[in-house]
Amino acid sequence: MAPPTRIGLAGLAVMGQNLALNIAEKGFPISVYNRTTSKVDETVERAKQEGDLPVYGFHDPESFIQSIQKPRVVIMLVKAGSPVDQTIKTLSAYMEKGDCIIDGGNEWYENTERREKEMSGLGLLYLGMGVSGGEEGARNGPSLMPGGSFESYKYIEDILLKVAAQVPDSGPCVTYIGKGGSGNFVKMVHNGIEYGDMQLIAEAYDVLKSVGKLSNEELHSVFSEWNKGELLSFLIEITADIFGIKDDKGDGYLVDKVLDKTGMKGTGKWTVQQAADLSVAAPTIAASLDSRFLSGLKEERVEAAKVFKSGGFDDILTDQVVDKAKLIDDVRQALYASKICSYAQGMNLIRAKSIEKGWDLKLGELARIWKGGCIIRAIFLDRIKKAYDRNPELANLLVDPEFAKEIIDRQSAWRRVVCLAINSGISTPGMSASLAYFDTYRRERVPANLVQAQRDYFGAHTYERVDMDGSFHTEWFKIAKNLKN
């Protein structure tokens, strides 16, 4: 019989297996359990092969829980929703007061808050922990976003600090996020920002390929080059890799054979819904979600392409003569400026929720823990952290002096790319939404006065004035009628 292990992990799909091996490799003996027992044996076998790591497998929940030292800590990595409740029920039956359960899945934050209350009724502690970085991150160092009981965070802080991605100048990519479901909420917005990032990169690709006629070889070298500068990031790096990979089942490059239909798990949708609930504008993230919806209409798009074939859209593209080097440089700048807007929207959403819930989230600290391990890791996050270090009360990333200057320097290129795309019949909803967001935010006066006048005209919703206090209502209809007579 093995000595009591330091921690347990239940749920051994790819993420669970990799996280368990990561924890064991950092010197913490771990017990593992899965409802399908073959996964348990598979994980223990992998642990042997990957360096005789201290992973102990259990086929039943009771002996699994008994094998962990007290106070017991168990991480669950199971599918969000009812499987989580089912797993909690199975495990908590054998747990004692002071033990702790951590949900490492992508869960809706209110479910975590409900479960934390239910658990505390049983004397158990509960944490909802966002885990980002995919299978690679889970195995070699993810970005971790734990929220909920601070006491339970303290139980495993030593493990998390070692297991998380390590960034040389800013430390382990983990921090206690805050109370309640804040860890899940922050991970959800992280995923929303990720949707925006991926969409903007896809648009950059579309413009370079469709208008600039770049080959996959050229795209590979452009993205590799971009990954050495201000755009240095995981997503740009993997994009460069993708363009370099040949099809193993036929001629040409694999990327051209991939069906243009995007899947999604729901976190991007939740982000946009939360933005609407909190009245926070998140147009870049919303545009990326809409683009995924439209990509799903493959059959309809094939038919629509036939209907509009005579519209001369192909001629527009063929007639374009562009300076390739100039286009590449413009697109790089447009991508960077658009990205600033996308992150600004995500950060504003987190701040609005933090205020609503009293979570007191530290935006600069979030940027720091996203610098390694996670899907949106990028050199750019260092700039965001510094912006919040300079001014923790910063209203919007756009008005940070450094970012403001970067946008001003890039706005001509940004506008050129959006105009070129529009004139070429190529949609760039993310870049366009980012630009519209910037152009609205920087204007002292917007045409909302007209919308407010319309609301008062048809619904007597009243309006305020720029030159005196109070709210006013005008009989617009009567006045207009008299004017017509």
Could you check whether atom [atom1] of [X] has more than 12 heavy atoms from other residues, nucleotides or ligands sitting under 6.0 Å from it?
X      : atom1 : result
Glu135 : CD    : no
Phe293 : CZ    : yes
Asp467 : CG    : yes
Lys162 : NZ    : no
Lys26  : NZ    : yes
Leu232 : CG    : yes
Glu96  : CD    : yes
Arg35  : CZ    : no

How close do [X] and [Y] get, counting heavy atoms only, and between which atoms?
X      : Y      : value
Leu77  : Gly104 : CD2-O, 3.2 Å
Ile177 : Ser182 : CG2-OG, 3.7 Å
Leu381 : Ile376 : CD1-O, 3.4 Å
Ala387 : Phe403 : CB-CE1, 4.2 Å
Lys371 : Ser170 : NZ-OG, 3.2 Å

Between [X] and [Y] (salt bridge meaning N to carboxylate O under 4.0 Å), is one present in this structure?
X      : Y      : answer
Lys385 : Asp169 : no
Asp389 : Arg368 : no
Asp439 : Arg443 : no
Lys386 : Glu402 : no
Glu107 : Lys187 : no
Glu151 : Lys154 : no
Asp360 : Lys179 : no

Separation between [atom1] of [X] and [atom2] of [Y], rounded to the nearest 0.5 Å:
X      : Y      : atom1 : atom2 : answer
Gln199 : Ile285 : CD    : CD1   : 12.0 Å
Asn191 : Ser132 : CG    : OG    : 6.5 Å
His190 : Arg377 : NE2   : CZ    : 9.5 Å
Met76  : Leu9   : CE    : CG    : 10.0 Å
Ser291 : Met198 : OG    : CE    : 12.0 Å
Glu194 : Ser288 : CD    : OG    : 10.0 Å

Inset, instruction - Establish, from distance only, whether the side-chain atoms of Tyr463 and Asn449 form a donor-acceptor pair under 3.5 Å. - result: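 Not at all, the side chains of Tyr463 and Asn449 share no donor-acceptor pair under 3.5 Å.
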Legend entry - Distance-only donor-acceptor check, side chains Gln333 and Asp329, under 3.5 Å: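 Asp329 and Gln333 do have a side-chain donor-acceptor pair below 3.5 Å.
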Any side-chain heavy-atom pair from [X] and [Y] closer than 4.5 angstrom?
X      : Y      : answer
Leu200 : Met431 : yes
Pro142 : Leu19  : yes
Ile23  : Ile75  : yes
Leu398 : Tyr437 : yes
Met188 : Tyr109 : no
Leu160 : Pro146 : yes
Tyr126 : Asp103 : yes
Leu235 : Ile375 : yes

Inset, instruction - Please step through salt bridge (Lys or Arg N to Asp or Glu O under 4.0 Å) for the pair Arg383 and Glu230, ending with a clear verdict. - result: CA-CA 10 Å; Arg383 318 293 285 271; Glu230 60 191 15; 6.0 Å; no
Inset, instruction - Could you walk me through whether Lys405 and Asp409 pass salt bridge (Lys or Arg N to Asp or Glu O under 4.0 Å), step by step? - result: CA-CA 6 Å; Lys405 184 182 181 317; Asp409 291 347; 2.8 Å; yes
Inset, instruction - If the plane angle is over 60° it's perpendicular, under 30° parallel, otherwise tilted; pick one for Tyr176 and Phe150. - result: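 It falls in the perpendicular class, over 60°.
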Inset, instruction - Describe, in one word, how the ring planes of Phe243 and Tyr205 are oriented to each other, choosing from parallel (under 30°), tilted (30 to 60°) and perpendicular (over 60°). - result: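 Judged by the thresholds at 30° and 60°, the geometry between Phe243 and Tyr205 is tilted.
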Inset, instruction - Would you please test Thr112 and Phe185 for side chain to side chain contact (heavy atoms under 4.5 Å, CB included) and show each step? - result: CA-CA 10 Å; Thr112 296; Phe185 190 88; over 6 Å; no
[X] side-chain N/O to [Y] backbone N/O, donor-acceptor pair under 3.5 Å:
X      : Y      : answer
Arg415 : Ser412 : no
Ser432 : Thr428 : yes
Gln345 : Thr284 : yes
Asn227 : Ile236 : no
Arg351 : Leu394 : yes
Ser233 : Leu231 : yes
Ser149 : Leu125 : no
Ser143 : Ile369 : yes
Arg465 : Gly470 : no
Gln166 : Leu161 : yes

Inset, instruction - Let me see the working for Asn391 and Asp400 under side chain to side chain contact (heavy atoms under 4.5 Å, CB included), right down to the final yes or no. - result: CA-CA 8 Å; Asn391 178 8; Asp400 168 74; over 6 Å; no
Legend entry - Stacked cation flag Lys339 on Phe380, 6.0 angstrom / 45 deg: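 Flagged: Lys339 positioned over aromatic ring of Phe380.
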Inset, instruction - Could you give me the CA-CA distance, side-chain angles and deciding distance for Leu363 and Leu366, then say whether side chain to side chain contact (heavy atoms under 4.5 Å, CB included) is met? - result: CA-CA 5 Å; Leu363 300 179; Leu366 300 183; 4.2 Å; yes
Inset, instruction - Start with the C-alpha distance between Asn106 and Thr267, add both sets of side-chain angles, then the distance that settles side chain to side chain donor-acceptor pair (under 3.5 Å), and finish with yes or no. - result: CA-CA 8 Å; Asn106 271 334; Thr267 42; 5.1 Å; no
Legend entry - Residue pair Trp226, Thr239: steps toward the side chain to side chain contact (heavy atoms under 4.5 Å, CB included) verdict: CA-CA 11 Å; Trp226 284 359; Thr239 303; over 6 Å; no
